[in-house]
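Below is one structure, written out as structure tokens; the observations come after it.
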Number of protein chains: 2
Amino acid sequence: MASPKSYRAPVLADVARAAEVSVPTVSRVLNGSKYVAPELAQRVHEAVQALGYRPNGAARSMRSGRRTLVSVLAGATANYGYARTLQGVETAARRAGMTVSITVVESGDDEHVRAAIDLTLAQPTAGVIVLEFDRAGINAAKALPEGLPVVVAGGGSRRTGTVPAALIDERTAGRQATDYLLHLGHRTVHHIAGPTEGKHSGRTDGWRAALGAAGAPVPQIMRADWDASSGYRWGERIAGMNDVTAVFCANDDIALGLMRALSDRGLDVPGDISVIGFDDQPLVALWQPSLTTVDQDFEDLGTRAFGLLSQVIDGDGDAASSVTAPQLVVRESTAPPKG
Amino acid sequence: MASPKSYRAPVLADVARAAEVSVPTVSRVLNGSKYVAPELAQRVHEAVQALGYRPNGAARSMRSGRRTLVSVLAGATANYGYARTLQGVETAARRAGMTVSITVVESGDDEHVRAAIDLTLAQPTAGVIVLEFDRAGINAAKALPEGLPVVVAGGGSRRTGTVPAALIDERTAGRQATDYLLHLGHRTVHHIAGPTEGKHSGRTDGWRAALGAAGAPVPQIMRADWDASSGYRWGERIAGMNDVTAVFCANDDIALGLMRALSDRGLDVPGDISVIGFDDQPLVALWQPSLTTVDQDFEDLGTRAFGLLSQVIDGDGDAASSVTAPQLVVRESTAPPKG
DNA sequence: ACGACAGCTGATAACGTTTTCCCCATCTGA
DNA sequence: TCAGATGGGGAAAACGTTATCAGCTGTCGT
């Protein structure tokens with residue numbers, strides 16, 4: 001057995017020598033070209049097996065210009081929505097014979113955005129999918145160089161700028177959730193928003209639109225991080241207010257933190273306060289009370305984003321953006337107001 | 001503005017022409033070699049800026065032999081443990097100037113394993129990190145070709161085979177959790193295991209060892225999937241048994257499903273039955289009752305795995321495996337048995 | 001009988017980098 | 001003054017693959 005140091009991976013020329021054919025012939029066999037005698041093909045395949053040959057991806061993609069790596073640029077990876085979207089992208093890519101790489105954009109700062117882009121484009125990348133759930137993603141989408149296939153996946157209600165996008169219509173969903181609470185008889189609905197949400201958050205826009213259409217007062221937005229502990233902190237404050245009967249939270253984690261805080265203060269959900277979340281994480285159906293929330297199909301989002309990117313790579317720069325509507329899932333955490 | 005079709009990305013030669021220097025000089029400037037006059041360097045940098053030049057990663061890695069892509073091979077991505085480990089790998093890789101790609105191994109079947117490996121190695125990969133939390137990962141680790149830098153990240157208590165590994169000592173943790181319940185006075189502890197767990201599961205091994213050391217009876221293992229609904233199904237059955245006072249679950253999702261089922265049947269946790277989970281997902285601290293569980297630092301696991309892989313890539317094939325111990329976190333779901 | 005053409009194969013030329021090699025200055029020390 | 005070192009830079013080779021081209025068989029249609 002050769003020492004690991006002296007090991008050199010076999011290359012096409014080695015295979016050609018072993019099979020006693022020319023290098024281009026080996027290439028033809030491996031790429032399934034016709035016009036090659038069955039007997040030679042056989043010899044080549046045997047040589048490949050015997051040597052354990054694997055094509056050098058770098059050389060291959062350099063010469064052919066074909067790239068089989070798609071990059072995902074995202075502000076995070078482990079959060080539920082990000083992870084599921086990534087899963088959708090990976091599955092679709094794998095079925096198409098491509099691989100996905102992932103680069104986290106630490107923040108929306110120019111510096112971090114540029115660093116992430118440089119890192120990503122140092123690979124032979126066929127195209128980029130930007131997860132535009134937060135400021136980091138939005139800024140990254142803007143800073144990508146021209147001429148590179150890019151699509152956006154996110155929660156807008158329409159295509160962002162000139163880049164094709166796969167979207168989940170959060171605005172409609174936010175409106176639907178808020179309408180539902182108003183319909184139950186609540187005078188108005190409070191809202192805990194995520195950190196980067198401003199004018200650009202579909203969830204918040206939908207909430208505002210629903211209140212506006214119903215002529216309901218628009219309470220001050222409460223701003224939180226995406227995690228449960230910041231929902232908990234708002235819960236502590238809300239327990240002290242007495243004009244809050246319904247809260248629409250920007251995601252499930254916030255909602256769960258909020259519910260726990262309310263419960264710790266002796267308030268009942270939904271008896272005293274109704275709560276709606278966003279995302280429909282698997283666990284929220286098991287909570288007590290189970291959480292009314294908005295189901296987002298993140299995996300489908302990832303799949304659509306990859307499909308769109310494929311089109312763009314194939315030259316269809318004007319591929320049509322797609323939008324799907326999330327579903328309100330009514331469970332136990334919402335009820336008509338007391339009295 | 002050029003039509004997108006006719007666009008050709010600038011290459012080193014274009015930069016050289018614009019800066020009126022030779023191609024190697026540009027390369028030297030970009031790779032930070034000394035021995036180049038400041039004035040030329042300046043001109044080169046300006047040309048790079050002006051043309052928006054980006055090095056062709058494929059060509060670069062082909063010629064230099066340096067690779068900056070590390071692949072993660074895993075049986076899943078969105079589950080908490082996988083996602084967090086992946087996050088750890090990505091962060092460490094990014095700090096080291098590398099990118100991570102991810103390929104899911106759909107199952108432990110030879111066919112799926114081979115497909116995943118082929119896909120991964122079609123990229124210019126510097127090395128592979130196998131997430132060995134399940135059968136798919138274990139089989140993948142075995143099937144990788146020789147000569148390729150590989151490390152394993154998983155939950156064993158010692159290095160698997162000849163491959164360096166970053167581990168979390170699940171065995172010790174499982175023993176600790178079980179010991180704790182015995183210490184509270186439970187006669188024995190039941191166990192709901194994950195799907196692929198058999199002799200190779202550290203969690204289950206630790207549980208068995210603790211029972212053995214205490215001379216406690218060893219109940220039949222209950223086998224579940226990793227998700228909450230299968231925990232729920234076991235909960236329905238356990239509610240009908242009357243010799244169960246404590247259950248050690250292979251992960252938090254199972255534990256949460258179990259608790260909900262018990263609660264739906266009118267049983268109290270921890271009054272009637274104590275429950276311990278595994279992982280310490282963020283939400284379980286908010287549950288009512290909050291879950292006693294074992295905290296695993298998955299992110300650190302990912303970081304260590306990457307560090308180990310770096311060593312292997314740099315030629316240290318015998319890099320030392322590392323093992324960390326998870327922490328038992330006592331919360332509200334455990335108590336002494338009734339009576 | 002002869003050109004056209006399909007089937008098959010090997011030389012050879014790319015692809016865009018980095019590396020190696022060599023040359024030319026200029027500077028140093030004896 | 002000259003050998004050697006040192007800083008600086010270009011020409012050319014090399015990396016492993018795929019694309020292009022040309023050549024060689026036969027076979028077929030006319």
Side-chain angles (χ1 to χ4, degrees), chain A residues 7-45 47-48 51-69 97 118 121-126 147-148, chain B residues 7-45 47-48 51-69 97 118 121-126 147-148:
Chain A
Y7 174 79
R8 187 184 63 92
V11 299
L12 221 42
D14 299 319
V15 177
R17 204 170 310 120
E20 298 183 309
V21 295
S22 73
V23 168
T25 297
V26 179
S27 175
R28 275 189 282 261
V29 172
L30 265 40
N31 294 307
S33 150
K34 45 190 184 183
Y35 297 159
V36 50
E39 193 223 324
L40 290 202
Q42 176 65 18
R43 290 219 304 269
V44 168
H45 280 125
V48 165
L51 295 174
Y53 168 79
R54 288 189 180 268
N56 178 320
R60 171 176 284 199
S61 105
M62 187 190 96
R63 174 62 241 219
S64 71
R66 278 188 287 278
R67 275 113 187 260
T68 58
L69 191 65
D118 285 349
L121 297 187
Q123 302 297 331
T125 303
L148 178 76
Chain B
Y7 174 81
R8 188 183 64 90
V11 299
L12 220 43
D14 300 319
V15 177
R17 204 170 310 122
E20 298 183 307
V21 296
S22 72
V23 167
T25 297
V26 179
S27 175
R28 276 189 280 262
V29 171
L30 265 38
N31 294 307
S33 151
K34 45 192 182 180
Y35 296 159
V36 49
E39 194 222 325
L40 290 201
Q42 176 65 19
R43 290 221 303 270
V44 168
H45 280 126
V48 166
L51 296 174
Y53 167 79
R54 286 186 183 272
N56 178 320
R60 172 176 284 200
S61 105
M62 187 189 95
R63 173 63 243 220
S64 71
R66 277 188 288 278
R67 274 109 187 263
T68 58
L69 190 65
D118 285 349
L121 297 188
Q123 302 297 332
T125 304
L148 178 76

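First the proteins, then the strands, lettered A, B, ... as listed; each starts at 1.
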Minimum-distance nucleotide (side-chain atoms of A:Asn56 versus D:dT17, D:dG9, C:dT18) = D:dT17

All N/O pairs under 3.5 Å across the protein-nucleotides 6-8 of chain D interface:
| unit_1 | atom_1 | unit_2 | atom_2 | d |
| --- | --- | --- | --- | --- |
| D:dG7 | OP2 | B:Tyr35 | OH | 3.0 |

Give a yes/no answer on whether the side chain of A:Ser22 brings an N or O atom under 4.0 Å of OP1 or OP2 in C:dG10.
-> yes

Counting any heavy atom closer than 4.0 Å, what does B:Ser27 reach on the DNA or RNA strands: base, sugar-phosphate only, or nothing?
-> base

Please state how far atom CG in A:Leu30 lies from atom C1' in D:dG16, giving the value in whole angstrom units.
-> 13 Å

For the pair made of CG in A:Asp14 and C1' in D:dG16, what is the distance, rounded to whole Å?
-> 11 Å

Which residue lies toward the 5' end of DNA chain D, A:Arg28 or A:Pro10, if each is placed at its nearest nucleotide?
-> A:Pro10

Take the C1' atoms of the five end pairs on each side of the helix from C:dA1-D:dT30 to C:dA30-D:dT1, get both axes, and report the angle to 10 degrees.
-> 40°

Counting just side-chain N and O atoms, does A:Thr25 come under 4.0 Å of either OP1 or OP2 of C:dT9?
-> no

Between A:Arg17 (CZ) and D:dG16 (P), how many Å, whole number?
-> 11 Å

Is any side-chain N or O of B:Arg63 closer than 4.0 Å to OP1 or OP2 of D:dA14?
-> no

Looking at the side chain of A:Pro24, which of D:dG10, C:dA11, D:dT18 is the nearest nucleotide?
-> C:dA11

A:Leu12 CG to D:dT18 C1', straight-line distance once rounded to whole Å = 9 Å

Most 5' of A:Ala59 and A:Val21 on DNA chain C, judged by nearest nucleotide = A:Val21

Please walk me through it: do B:Leu30 and B:Tyr53 pass side chain to side chain contact (heavy atoms under 4.5 Å, CB included)?
-> CA-CA 11 Å; B:Leu30 265 38; B:Tyr53 167 79; 3.6 Å; yes

Closest non-hydrogen atom pair between B:Arg66 and B:Ser61, with its separation = O-CB, 3.2 Å

Hey, what do you get for CG (A:Leu69) to CD (B:Gln123), rounding to the nearest 0.5 Å?
-> 4.5 Å

After noting the C-alpha distance and the side-chain angles of A:Asn31 and A:Arg60, does the key distance pass the side chain to side chain contact (heavy atoms under 4.5 Å, CB included) rule?
-> CA-CA 11 Å; A:Asn31 294 307; A:Arg60 171 176 284 199; 3.9 Å; yes

Grab the CE-C1' distance between A:Met62 and C:dT18 for me, whole Å please.
-> 12 Å

B:Leu148/B:Leu121 under side chain to side chain contact (heavy atoms under 4.5 Å, CB included): CA gap, chis, key distance, verdict | CA-CA 10 Å; B:Leu148 178 76; B:Leu121 297 188; 3.8 Å; yes

Apply the test side chain to side chain contact (heavy atoms under 4.5 Å, CB included) to residues B:Asp14 and B:Arg8: give CA-CA distance (whole Å), side-chain angles for both, the deciding distance (0.1 Å), then the verdict.
-> CA-CA 11 Å; B:Asp14 300 319; B:Arg8 188 183 64 90; 3.2 Å; yes

Please state how far atom CG in B:Asn31 lies from atom C1' in C:dG16, giving the value in whole angstrom units.
-> 13 Å

C:dT9 P sits how many Å from A:Glu20 CD, rounded?
-> 14 Å

Main-chain N/O of B:Ala19 paired with B:Arg43 side-chain donor or acceptor, under 3.5 Å | yes

Whole Å only: how far is the CZ atom of B:Arg8 from the C1' atom of C:dA14?
-> 14 Å

If you look at every heavy atom in B:Val44 and B:Val15, which pair is closest and at what distance?
-> O-CG1, 4.3 Å

Ignoring the backbone of A:Val11, work out which of C:dT18, D:dG10, D:dT17 is nearest its side chain.
-> D:dT17

Does B:Arg66 have a side-chain nitrogen or oxygen under 4.0 Å from the phosphate oxygens OP1 or OP2 of C:dT19?
-> yes

Taking all heavy atoms of A:Leu51 and all of A:Pro10, pick out the closest pair and write down the distance.
-> O-CG, 3.5 Å

May I ask you to test the B:Leu40-B:Val29 pair for a side-chain heavy-atom distance under 4.5 Å?
-> no

